[in-house]
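Computation of the quantities below employed the complete heavy-atom set of this structure, encompassing side-chain atoms and omitting hydrogens, waters and symmetry-equivalent molecules. Model, not experiment: these values are computed from the prediction.
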Amino acid sequence: MTEASHMAEQAALLKQGLEEKRGIIEEEHWAGSDGFTVCSRLRSVVDETIISLFTKETGNFCGAMIAIGGYGRGILNPFSDIDILFLLTGKRDETGKPPHVMLAGLWDLGLKVGHSSRTIADTVTVGFSDITARTAMSEHRFLAGDRELYDGFRKKYDHKVVRYKPNLYIREKYDALMARRNLHGGVSLLTEPDIKESPGGLRDLHTVMWMMRSKSDVTTIEEMAKRGMMSPEDVEPVNRAHSFLLRLRNSLHFTTGKQTDTLSYGHQPAIARSEGFSDGSDNQISASLMYRYYEAAQTIERFTNEMIRYANSYRRKWSFRPVQIDADNLFTDKETLRARAFPPDVYEDKQDILYNIAARISNEALALSPNLTRGLEKTAKQAPSSWFEGERAGQLFMRILNLHNAGSVLSEFHATGILARFIPEFEQVTRLSQFDMYHRYTVDEHTLTAVRELELLPSAEGVSDVLKQVFRSIDNIALIKLILLIHDIGKKAEDRHLVEDDTHTEKILNRLGLERYIETVGPLVRNHVLMSATAQRFDFSRPEALRKFCNTAGDLETMKMLYLITYADIKAVGPKIWNNWKDMLLDDLYGRAKAYYLEGEAVFKTKEEQALALAKLTAKQYAGAYEESMVADFLAMAPHQYLTNADPETITADIDLVESRESGAVALRYQANPGDDTCRITMAASERIGFFSIVAGAFAAKNVNVVDAQIHTLPGHLALNTVTLGGANLDMFAEPASLKRFEKELTLMVKGEKDVQSAVARRTRYLPNETKHGLAAFEPTISIVNTLSRICTVIEVWAPDRIGLLYDITRTLAGLRLDIKTAKVSTEGPKAISIFYVNTETGKKIEDKAGRKRVEEALLSAILSPAGVD
């Protein structure tokens with residue numbers, strides 16, 4: 001046997017042994033072994049393998065082999081990186097080269113190994129210049145080689161680098177922690193958290209230990225507790241939470257066969273079952289798993305925050321300035337609110353201290369000290385019911401809500417249990433994950449975020465001045481916050497967020513002695529999605545749609561409150577959900593509804609009255625360029641629907657577009673939506689049934705989404721349509737030459753000289769068949785009603801979103817000889833919600849039941865078929 005073949009045989013045996021040992025550990029994991037145990041066992045197996053290879057292949061290397069970074073901590077997840085430092089003696093040529101044959105062997109085993117070679121002097125130099133390397137080398141374990149050399153490194157590196165300018169190091173690590181937290185949502189209650197990087201994740205714990213090691217020689221939280229750095233009673237909960245996060249990370253690694261740290265929707269059901277949750281649907285057992293995750297993450301997040309505050313004050317030189325203590329024994333260091341003797345020995349009627357604590361948190365932007373936090377937790381458990389029930393409690397709660405930064409107060413009160421004493425029903429949605437792949441936060445965090453977003457509205461960007469003025473006009477803004485607090489109570493893991501049963505509002509208000517608000521709060525809680533749904537899904541320029549919205553909303557003052565609730569509710573879904581397009585839609589709906597409340601039916605002028613007024617206004621604004629008679633002739637051809645949305649600028653641009661169109665061709669006009677990631681394309685073309693389907697297919701072939709469509713037909717079968725587009729490829733329309741090329745391509749499709757279906761199929765051919773995150777798609781639903789419009793049948797389609805979906809739906813409607821008059825398309829995560837106002841060929845509604853059944857069956861078939869394929 002040759003040396004090469006012998007080495008190959010040895011490598012194969014080593015790999016087989018490693019895989020067998022890892023397989024046994026994986027079986028122990030799925031059998032229920034805790035995270036610490038599995039990670040320690042995995043580290044031991046890798047240690048044995050690395051040391052074995054080092055011993056065999058050390059060559060002339062006479063330094064030390066050291067584990068650093070995460071591997072140096074001694075806890076290893078299945079597919080974690082393995083970082084090794086080859087420590088050289090002072091003279092490189094005397095030390096010999098690191099055993100590269102050994103490294104090659106590790107890579108052949110499938111281990112992700114990173115390595116570096118440095119002298120002790122090098123480690124000090126690099127540690128000073130690179131904070132990442134400084135941190136990685138601060139976590140070290142001896143593996144093999146020269147032990148005395150390692151001991152020399154440990155003493156010198158810890159003394160020279162780890163303890164070097166600790167306050168500066170802590171500040172840099174704190175800044176990095178906050179940047180990472182903000183990148184991952186800023187809160188631990190995320191519906192799809194990153195177990196390592198999200199707030200409350202493993203990296204938070206690592207950061208605490210790095211900070212504390214820069215000021216002391218502690219290496220475990222047990223040592224920290226012994227030295228009085230933390231409460232001994234926190235050791236067990238933190239260790240338990242840490243082990244659980246490690247176990248979840250192990251599950252993800254073992255399940256995916258790679259380093260996966262995001263606990264996504266697709267992975268949650270299987271992992272939930274492995275954790276013993278088995279009763280209920282996938283969403284219900286996932287909700288149980290996530291509740292347990294949130295408990296662990298919040299434990300880690302709270303511990304991290306407390307230890308960061310401790311690290312910043314550890315061995316600080318205290319000044320001798322007098323401390324101002326108020327009548328409630330509250331005092332502050334201008335960063336943290338503290339208390340002497342809290343809670344009170346005798347509770348009696350001292351609940352006003354809750355307001356004083358809230359006011360100081362709100363007005364001075366203070367965090368709670370650990371002792372005051374524990375005092376509030378004790379108060380939540382022991383204070384009498386009279387503190388939280390009855391008219392006085394209700395008045396106290398409303399005073400708290402009336403604070404400018406009540407959102408921050410509510411977050412602290414929620415974390416300590418105080419909020420649940422005022423509103424016990426809030427516990428129903430605490431740590432409840434939402435499985436619509438739309439909301440980024442749990443229900444309770446979404447709710448508290450909505451309150452904070454409402455308070456930030458006056459200075460928010462991308463919000464209309466009208467909405468800000470509405471905010472300023474509300475006398476009782478605390479009542480809006482109360483509605484936001486209770487608007488999602490009653491939500492469940494299976495909820496589609498359509499209409500929720502409201503069995504809680506009256507109970508809550510009665511218990512708090514706030515019965516006078518029931519008639520105002522109840523309808524707003526029940527209808528809190530009304531304005532959003534109307535703006536995004538229905539053509540509210542039609543009189544019947546606007547009437548229905550206004551009648552359901554109630555009156556102008558209630559509608560103002562609904563406007564604010566809608567904004568805060570949408571803004572709290574997650575980053576970038578609120579955009580300029582939603583702002584404009586809601587602003588438009590608010591303006592029309594306000595006019596209806598003020599003017600009644602008079603707001604719906606006749607077509608002739610509207611056309612005459614618009615013609616005069618346009619001619620006056622564009623004096624000399626557009627004669628009143630010419631504008632009047634154009635508007636006489638336009639349908640009434642066109643006039644309700646028209647303004648002089650749009651009218652003149654549309655006249656120019658129609659006149660520029662060549663016979664049989666399509667003419668396009670591009671317009672950006674300022675401050676938004678959408679644009680508008682207006683088109684003039686020969687109208688026929690199926691035209692909008694071709695348009696939808698043409699945009700789908702460019703990977704662009706149609707989010708709204710206004711469809712108008714002028715005499716002579718001339719279509720004048722405006723579509724609003726979203727997606728990643730909108731720049732192609734902004735460039736005139738590129739827009740012209742698309743215009744020619746669309747003309748060919750309309751003429752039948754280019755096959756639109758083939759173009760869509762080419763775009764969708766390589767799309768993965770599975771739905772987002774591997775989660776099973778929800779069942780599409782079709783609703784067909786004749787009561788929402790005087791002249792049209794309204795078809796509402798809920799379906800899993802995909803490229804080409806709108807094309808498949810609209811070509812199906814065209815095949816059924818249905819003429820689309822208006823289309824509204826919106827998305828909520830993976831859900832596409834499409835609304836179509838349609839007529840039959842003869843301009844009538846779909847009156848017969850059998851006809852509606854045919855439409856429903858055809859649409860379901862189209863939705864479930866591959867995009868762009870019959």
Side-chain angles (χ1 to χ4, degrees), residues 536-537 539 581 666 668 670 678-713 719-730 732-733 739 742-743 745-752 754-765 767 780 782 794-827 831-839 855 858-870:
Q536 296 185 69
R537 301 174 196 168
D539 186 0
W581 178 241
V666 177
L668 302 179
Y670 165 85
T678 64
C679 71
R680 279 175 282 177
I681 301 287
T682 301
M683 58 191 69
S686 297
E687 172 68 302
R688 61 182 175 86
I689 290 180
F691 172 69
F692 185 63
S693 171
I694 296 171
V695 170
F699 286 123
K702 301 298 182 185
N703 195 19
V704 171
N705 304 318
V706 176
V707 298
D708 187 62
Q710 294 295 329
I711 301 171
H712 307 293
T713 304
L720 185 60
N721 302 341
T722 298
V723 294
T724 301
L725 306 174
N729 300 324
L730 300 184
M732 73 174 74
F733 303 117
L739 181 66
F742 180 73
E743 185 179 76
E745 185 177 1
L746 183 57
T747 296
L748 293 176
M749 290 179 176
V750 171
K751 290 181 176 180
K754 182 171 183 177
D755 185 34
V756 62
Q757 187 167 315
S758 298
V760 175
R762 281 194 299 273
R763 166 62 65 178
T764 59
R765 182 176 302 157
L767 291 178
I782 314 293
V794 178
I795 301 175
E796 181 174 348
V797 181
W798 288 61
D801 195 18
R802 58 175 169 81
I803 293 175
L805 174 66
L806 183 62
Y807 168 66
D808 282 338
I809 293 172
T810 53
R811 72 189 179 93
T812 300
L813 295 176
L816 295 167
R817 308 304 295 167
L818 294 174
D819 192 10
I820 300 172
K821 297 300 184 184
T822 305
K824 287 258 188 177
V825 182
S826 61
T827 57
K831 301 173 185 175
I833 306 163
S834 308
I835 312 293
F836 304 95
Y837 287 72
V838 304
N839 287 137
V855 173
L859 286 174
L860 285 172
S861 177
I863 291 166
L864 297 174
S865 67
V869 179
D870 281 322

Are [X] and [Y] side-chain neighbours, meaning at least one heavy-atom pair lies under 4.5 Å?
{"X": "Thr724", "Y": "Cys679", "answer": "no"}
{"X": "Ile782", "Y": "Trp798", "answer": "no"}
{"X": "Ile833", "Y": "Val797", "answer": "no"}
{"X": "Lys702", "Y": "Met732", "answer": "yes"}
{"X": "Val825", "Y": "Asn705", "answer": "no"}
{"X": "Asp808", "Y": "Arg802", "answer": "yes"}
{"X": "Thr810", "Y": "Val695", "answer": "no"}

Please round to the nearest 0.5 Å and tell me the distance separating atom [atom1] of [X] and atom [atom2] of [Y].
{"X": "Thr822", "Y": "Gln710", "atom1": "OG1", "atom2": "CD", "value": "5.5 Å"}
{"X": "Ile711", "Y": "Thr722", "atom1": "CD1", "atom2": "OG1", "value": "10.0 Å"}
{"X": "Ile809", "Y": "Phe836", "atom1": "CD1", "atom2": "CZ", "value": "5.0 Å"}
{"X": "Asp801", "Y": "Ile803", "atom1": "CG", "atom2": "CD1", "value": "9.0 Å"}

Has the side chain of [X] got a donor or acceptor atom that lies under 3.5 Å from a matching backbone atom of [Y]?
{"X": "Thr747", "Y": "Val666", "result": "yes"}
{"X": "Tyr807", "Y": "Ala698", "result": "no"}
{"X": "Asn721", "Y": "Thr682", "result": "no"}

Evaluate the criterion side chain to side chain contact (heavy atoms under 4.5 Å, CB included) for residue pair Leu818 and Asn839; output intermediate values, then yes/no.
CA-CA 6 Å; Leu818 294 174; Asn839 287 137; over 6 Å; no
Do you know the tightest heavy-atom contact between [X] and [Y]?
{"X": "Ser686", "Y": "Phe691", "value": "O-CD1, 4.1 Å"}
{"X": "Ile835", "Y": "Arg537", "value": "CG1-O, 2.6 Å"}
{"X": "Leu805", "Y": "Ala799", "value": "CD2-CB, 4.1 Å"}
{"X": "Ala759", "Y": "Met749", "value": "CB-CE, 4.0 Å"}
{"X": "Ile689", "Y": "Ala814", "value": "CG2-O, 3.8 Å"}
{"X": "Met683", "Y": "Val723", "value": "CE-CG2, 4.1 Å"}

For the residue pair Tyr670 and Phe742, is the inter-centroid distance of their aromatic rings smaller than 6.0 Å?
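For Tyr670 and Phe742, the ring centres are not under 6.0 Å apart.
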With side chain to side chain contact (heavy atoms under 4.5 Å, CB included) as the test, would you mind laying out the steps for Ile863 and Thr812 before giving the verdict?
CA-CA 10 Å; Ile863 291 166; Thr812 300; over 6 Å; no
Check the pair Lys821, Asp539 against salt bridge (charged side-chain N to carboxylate O under 4.0 Å, His left out), reporting the backbone distance first and the verdict last.
CA-CA 10 Å; Lys821 297 300 184 184; Asp539 186 0; over 6 Å; no
